[in-house]
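No hydrogens, no waters, no symmetry mates; every other heavy atom, side chains included, goes into these values. Keep in mind that what you see is a predicted model, and the values were worked out from it rather than measured.
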Protein chains: 4
Amino acid sequence: MPPAHPFDDDKLREECGVYGVIGLTDAANFVALGLHALQHRGQEAGGIVSHDARTGFHSAHRFGYVRDNFTKASLMETLPGTLAIGHVRYSTAGSKGQTAIRDVQPFFGEFSMGGAAIAHNGNITNAEALRRELIDRGSIFQSSSDSECIIHLMARSLQKTIPERMKDALRRVEGAFSVVAMTRTKLIGVRDPLGVRPLVLGRFGEGWVLSSETCALDIIGAELVREIEPGEMVQISPEKGVESFRPFEPRPSRFCIFEQVYFSRPDSILGGRSVYETRHQIGVELAREAPVEADLVCPVPDSGTPAAIGYAHESGIPFGMGIIRNQYVGRTFIEPTEQIRNMGVRLKLNVNRALIEGKRIVLVDDSVVRGTTSRKIKEMILDAGAKEVHFRIASPPTAWPCFYGVDTPEREKLLASHMNEDEMRDYLGVDSLRFISLDGLYRAVGEARGRNAACPQYCDACFSGDYPVAPSDMIDKGFQTKAAE
Amino acid sequence: MPPAHPFDDDKLREECGVYGVIGLTDAANFVALGLHALQHRGQEAGGIVSHDARTGFHSAHRFGYVRDNFTKASLMETLPGTLAIGHVRYSTAGSKGQTAIRDVQPFFGEFSMGGAAIAHNGNITNAEALRRELIDRGSIFQSSSDSECIIHLMARSLQKTIPERMKDALRRVEGAFSVVAMTRTKLIGVRDPLGVRPLVLGRFGEGWVLSSETCALDIIGAELVREIEPGEMVQISPEKGVESFRPFEPRPSRFCIFEQVYFSRPDSILGGRSVYETRHQIGVELAREAPVEADLVCPVPDSGTPAAIGYAHESGIPFGMGIIRNQYVGRTFIEPTEQIRNMGVRLKLNVNRALIEGKRIVLVDDSVVRGTTSRKIKEMILDAGAKEVHFRIASPPTAWPCFYGVDTPEREKLLASHMNEDEMRDYLGVDSLRFISLDGLYRAVGEARGRNAACPQYCDACFSGDYPVAPSDMIDKGFQTKAAE
Amino acid sequence: MPPAHPFDDDKLREECGVYGVIGLTDAANFVALGLHALQHRGQEAGGIVSHDARTGFHSAHRFGYVRDNFTKASLMETLPGTLAIGHVRYSTAGSKGQTAIRDVQPFFGEFSMGGAAIAHNGNITNAEALRRELIDRGSIFQSSSDSECIIHLMARSLQKTIPERMKDALRRVEGAFSVVAMTRTKLIGVRDPLGVRPLVLGRFGEGWVLSSETCALDIIGAELVREIEPGEMVQISPEKGVESFRPFEPRPSRFCIFEQVYFSRPDSILGGRSVYETRHQIGVELAREAPVEADLVCPVPDSGTPAAIGYAHESGIPFGMGIIRNQYVGRTFIEPTEQIRNMGVRLKLNVNRALIEGKRIVLVDDSVVRGTTSRKIKEMILDAGAKEVHFRIASPPTAWPCFYGVDTPEREKLLASHMNEDEMRDYLGVDSLRFISLDGLYRAVGEARGRNAACPQYCDACFSGDYPVAPSDMIDKGFQTKAAE
Amino acid sequence: MPPAHPFDDDKLREECGVYGVIGLTDAANFVALGLHALQHRGQEAGGIVSHDARTGFHSAHRFGYVRDNFTKASLMETLPGTLAIGHVRYSTAGSKGQTAIRDVQPFFGEFSMGGAAIAHNGNITNAEALRRELIDRGSIFQSSSDSECIIHLMARSLQKTIPERMKDALRRVEGAFSVVAMTRTKLIGVRDPLGVRPLVLGRFGEGWVLSSETCALDIIGAELVREIEPGEMVQISPEKGVESFRPFEPRPSRFCIFEQVYFSRPDSILGGRSVYETRHQIGVELAREAPVEADLVCPVPDSGTPAAIGYAHESGIPFGMGIIRNQYVGRTFIEPTEQIRNMGVRLKLNVNRALIEGKRIVLVDDSVVRGTTSRKIKEMILDAGAKEVHFRIASPPTAWPCFYGVDTPEREKLLASHMNEDEMRDYLGVDSLRFISLDGLYRAVGEARGRNAACPQYCDACFSGDYPVAPSDMIDKGFQTKAAE
């Protein structure tokens, strides 16, 4: 049973985390630890490929948590060597079905000059067109994953080395991607020209590490060297260290602002600044933009907590844990009779009634997607005797789907796609509802002057509908971008 | 692999939670939900016994989380009926080995007047003497559990009804126990004369519920009726409702004060008051007793959070999440090489470096047992650049083992059994270390005048060495009580 | 999924095999091998209890084949010591349901003078009366197994040693039983006064072995010493060797004749003679009693093979494998659509069409129980183009249920309980049907003068209705013996 | 744990069985039944691909027996449609390791004109050269299987239809192969020009069936239509029925003679004649060629049985089951101590001592490969007191490895590669040892004049070293054919 994030029923979900290690004995063990620290980026499945000078490439792909699979000595012993890469992933609609384990990265291919493995975080927006072209020319796909295109493009490249073949391949690819790859002797990292997804470089003793987030450097005690830059490709070997290349045309970067709001772990560092601090600051901005008279600021745990602390701090309203989460939540629970069918959210959350009763509550959550969970939480709070409920949301209204590696509902299912703030307030049935403004969010992440509309500093397509890379496959299927509306 | 509480390496562990339901269709489903809400009281295994008027008694006992076992329709369908009881448990040293599943409660016995099942939270302090006596007389034990004595004593009673037999049996038993039992037609609840372990009565529609804690009433939407009183036995049937009996000599009650500090869930109600509120108040008292100049109050998550909020509130020092826990922690993780052997606590916790750096930190934890985890946390905080570390502990020093249903290390392993506060501070290597005083704790739980030394209002043996029931099996084995020292 | 004998749909099923070893390092390994060789006597589950001088008793009980459980080093390492006993069993109706693993033997009990484990093959015909009596006096049963009575009777005995307590217990017990038991230092074997079930003594190096059949001595290379005699109890220790006792009143023995016909493996020795040879001789007798003109003698594989060879040899008709069995048969197979529902027997057996076509076939089977499989086999043979089908059955008509440890359908489901030979022939739709006579069977097993009606040499109740021990529990429930008819 | 043929330690092993069905509702259920009947051809793993008009292609690949996987409704429901193919396989050395499940057929590929699945029995002797060529051109292989070349060759073909692409592909392929493949609408069957491996066509109601052997037609009640001819390709659809093509240059056929001796099930029909009958006739020929004075003819069960019956019949020496096999044998068993290490064969076979003792025994086995099992059997027979042991082998000496889909030890491990009959007799330590002559075998299979040395009617390379297709990959690696010696 693939488990899931305890509160993701109504969350956007990051689809992947990537990790790579070179120059350390039993590199796969480090990769397992790193993937464990990146588990929040993908909980359905994980995979590791390692290379040992004597015995060659080895791999293991498993459904379920890293801790339940890649902790067994019997499995880890099958992944020897000083070079390894790994991947954690969510499922996406396309992969449900017959051959799902084949969709779990890293992917491996044998080329005439040797094998290579590749794992990627993001989404290739022209993958379907590429796939059709490759199939026409005789490539056979193992998976339904967009990532597999890259390895087929590499297989068909006429370049003589794997890094050169990778450059060839990635130049054909559109979208957002942070790639970690390996040959028999090199660890490779690439970020797309816009740098939509994160990727950082770390150092541990004689070894090098690539990771989606810095929290996965911390877990092994590695030191953060720097972020891989947008459009940069690094090739790392123990002999030559880190070599940097620029395979793409330079473009202004557009890092995903939702990484700041929700995806990244609060103890990670993005752009030199703690995610926790940024979220705390979002709460501060929100308190300034949307103050309210109230008795208690409560987070929707756990993701709303830093912003709630910030809101409480700025507003002077006391902070308290008015909602308690059950730490033992898994994906499913019995709902066998009509009688107990509708207790859904209670399996995960319980109200701290004594704290709530008779009070005016500010409830701070990170985002509203469909609004389904928000409604249930509001009911719990009111049932517990709250006098007023004021929702404060640490992101702007999520009105557009993401095509860059995040699992979003179809546009019409996003509450904000067809309601304004007042309509949403009425729909949720709360006393007030306020989202942080897009400019407020930009200020909170450190852009003192807010969003630069001419050339936005981040990818904020999910809020603004401004897609920095045209989602060509989706457009082929009839998706209407904002411009087209 | 039976999983464990993510942070219990150096915690005392409650050994059990009990739950019972009568008068509801598919009672076992409600019991499963209740046990899920009581999972923090016991995570190794769980069991449910149900009774169906047509098909009789049914049972299932499983290792692992409730959510992983008692959620499967295929299993729950084997537990029909409108009457059911259940149990979650930790392992204890004695049960490790060959027949462990036999140690999982509820226990079932057939008597001449019909069958009965019984589950208990607590510990029988004369169980070994009773067991020897029963074996001499020809009883055959299925398990190594102390609880099984009760059912053998019942089997041998000359009384004509099961409730009368239970009274007979419980009068022979010493120690702390909250019992939930069932016959074919009745749900039974008992608390020992001191009322050491909790047990509450709830109402849901036409049905009745017994539960260790109120949070497990909330999960099914049941209403709290009242606590079962110390020394009370209730017998519940749909026809006659709740009948109350007093099988024991009356004695002043001695509820476990550690339930307030750590065991119970913060959203439960004990003695009419929210556990969260009590813990918040412990933080307030601690701030008054042990103030310090500092820049940030951080909880050791998650159990230290309410007290930390209270401390921050009272002291005026800002509150922040300086330590972030990994939500995906399980029991084990690979530590295959010397190199990465010592990262233990990092798998569970990571420091929010940006928040900590350069600051004077007040770290609020609920208790110190062996001190092993506290040392590691201190190191993490210092490594992250904290200027000072001040530990504030929301309970008095834990200096004595518990014999009433809690898994405690041997006395000599308890840090406070052989060190005073200053020695512990030096051992832990922190700038200051302060525990709340016993009187301060009593005040925080609502006893305005503190502890009544002549007749303490709570069982606080783990702090005071004052054992309200002589632990006779342990004394037989040579344990020295405080009086004997 | 508990597997089953590939052809037992319409067979009587032995319910148990027992095995014990003393004086050999890693005795449990030998027991596992022995149980593997006795697997035909019980395929649902198995258990082993071992005793190690340093660490005491150990046990493991598992559903499924011996080879799938007791071959894993990880399990076998938990069963140390030089003394071990084991058991394989079929399920019986009574044990289906909630606590089935508790019904798997050996049973273990702790007595005041130490622990003992016991395993038994057979059936206690007054078990229900004993159970009621024991429950009235306060014993608590773990299982629904009749065997558990023995250990409770032992627990209540006032004797000072376990062997004496066992004598006490077995004197209260009626029925058929071959017991293998162990204390910390002794291996014990007992056969009931009639000696209904087999039990043999073997020697391997310095060690001793007890086994249901000699084929399980062969597998470890042990030497057959002798059969345990009816009514004998042996107590074996490395120091004193084999001590023999006679706890029961002497009675003429009545060994189960169906062991000769079907239950025992053909390579076992019963009463000094090979079972294969006996079955071959049954075929010879059958050819004399019921000759027929035909072209080919075919066994119903595999149990009918020796008798078929004997029939062919005596009659001069060629022998051939007209029916081929699939070696990969398990218990279940998909039958999801109406279309392929009725192919049941084809999953197990296929006709060797080329051999059968146009011939007059003598089909030799060991027994006819309900007749269901016989009808299907006849159809297969006719579909394959046989000109005539003559059934020859290597046992008399099975007209009465067994109460001595064999799983028999209720009497009315036995074809021979309500049809004579001609009626059965017509029901099966074959050209002729002949069973061996009871006297013929006695001659084949070596009783030259046939059955001694005054004092039959064997238990043949399933054929004759002459029950050597009154089945008192069944009579209480209304079963009509032949005398009562 | 992948199970294995109970007696294959020293047997040649067929590597595959194939099966396909079109035009029947729930075709995958029929395929599962067929694969169950073909389980003797491959026991490590199995796979099924189905196609449903509405939902497209579906597949499942599993390690273990068909009966343990493809019997579960939950799995079979995922394989809807009226068209399905399946495969059972042994492991081969090459596939051991990381991605073994990827080596399990059928393979599936998406081409520009739609998907196709393919399963094959046999071996492609130029697979490695083809693989190198394909990788050079950018194909990415999923497996280490030789079969995957076919689907890549198809993917790269410029033909417009899948059958045409398959012809293209198969013309590039050398070796022995019987292919079953499917598109969305057609079932396809092909045999290589020499027809080395079997493939038959059956009819069931409105549907069509392709199967490696006729016994797998019998299991579903299908009627044998005919064998697919060597070099023939059939394309089957419900609309057009069976269309036959001849894609290859015609050559004289060379069917594998070892299918007659051992691989095929005795109840299958090869070339219009029962395999059982052929093997019986081999026994007859052997008795003529190699008579001996003896008291009993015993088969080594089960594969030696038909020849033993034939030998007994022709020689007039009585036939008996002197060796009894344990029906519950799996792949592994505990051998944890030196003491019991060497009992290997006893776990599978036991001697029927009473039958053997004091007799001169003719032991009939199908083949001798390494000779290891033969030596152990001889010892068992002598230990049981046989006076003389005469081995009679139902095939000529196996002196050459097979490269056409059979797992053979390296040449130097074949006993007959470096010993003549007399040396083997001495090595095995028996009184006499005789193999049937190659001419005798040809006579037994129906070639009255024996082997046509100029143009042998069968592939008998394992006996003669006369390889009808040059094993080019092996020659590249240094294998010396007979001609080269």
Side-chain angles (χ1 to χ4, degrees), chain A residues 1 5-6 24-26 29-30 32-33 36-37 39-40 43 65-68 70-73 76 205 215 218-221 265-267 269 273-274 276-277 280 302 305-306 309 313 318-321 324 326-330 332-334 336-337 339-340 343 346-347 350-355, chain B residues 1 5-6 24-26 29-30 32-33 36-37 39-40 43 65-68 70-73 76 205 215 218-221 265-267 269 273-274 276-277 280 302 305-306 309 313 318-321 324 326-330 332-334 336-337 339-340 343 346-347 350-355:
Chain A
M1 172 62 66
H5 192 287
L24 296 176
T25 305
D26 295 329
N29 286 334
F30 290 92
L33 290 164
H36 172 63
Q39 190 81 78
H40 59 289
Q43 298 166 72
Y65 284 147
V66 172
R67 66 154 198 253
D68 294 332
F70 296 98
T71 55
K72 292 173 191 142
M76 296 313 292
C215 64
D218 295 343
I219 199 172
I220 67 165
R265 246 173 58 175
D267 49 335
I269 305 292
R273 189 166 166 222
S274 147
Y276 177 92
E277 196 182 330
H280 187 279
D302 287 350
T305 301
I309 295 172
H313 192 264
F319 170 83
M321 306 298 283
I324 305 293
N326 184 327
Q327 294 182 28
Y328 303 99
V329 165
T332 56
F333 214 89
I334 35 164
T337 64
Q339 203 176 15
I340 59 174
M343 57 179 52
R346 277 198 196 139
L347 300 171
N350 192 18
V351 171
N352 192 347
R353 177 181 297 265
L355 193 64
Chain B
M1 172 62 66
H5 191 287
L24 297 177
T25 304
D26 294 329
N29 285 335
F30 290 92
L33 290 165
H36 172 63
Q39 190 81 77
H40 60 290
Q43 298 166 70
Y65 285 146
V66 172
R67 69 155 197 250
D68 293 332
F70 295 100
T71 54
K72 292 172 191 144
M76 298 312 292
C215 66
D218 295 344
I219 200 173
I220 66 165
R265 245 173 58 176
D267 49 336
I269 306 291
R273 190 167 164 220
S274 148
Y276 178 92
E277 195 181 332
H280 187 279
D302 286 348
T305 302
I309 295 172
H313 191 263
F319 170 85
M321 304 300 282
I324 304 293
N326 184 327
Q327 294 182 28
Y328 304 97
V329 165
T332 55
F333 213 84
I334 36 163
T337 65
Q339 203 177 14
I340 58 174
M343 57 178 54
R346 276 197 196 139
L347 299 171
N350 193 19
V351 171
N352 191 346
R353 178 182 296 265
L355 193 63

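The shortest heavy-atom contact between B/Tyr276 and A/Met321 is OH-N, 2.8 Å. Considering all non-hydrogen atoms of both residues, A/Asn352 and B/Ser274 come closest at OD1-OG, 3.4 Å. Heavy atoms only, all atoms of each residue included: A/Asn326 and B/Ala37 are closest at ND2-CA, 4.1 Å.
Contacts between A/Glu277 and chain B at a heavy-atom distance below 4.5 Å involve the side chain alone, from C-beta outward. Looking at B/Arg265, the atoms closer than 4.5 Å to chain A (heavy atoms on both sides) all sit in the side chain, from C-beta outward.
Rounding to the nearest 0.5 Å gives a distance of 7.5 Å between NE2 of A/His40 and OH of B/Tyr328.
Chain B forms the most heavy-atom pairs under 4.5 Å with one residue out of A/Val351, A/Ile269, A/Ile309, and that residue is A/Ile309.
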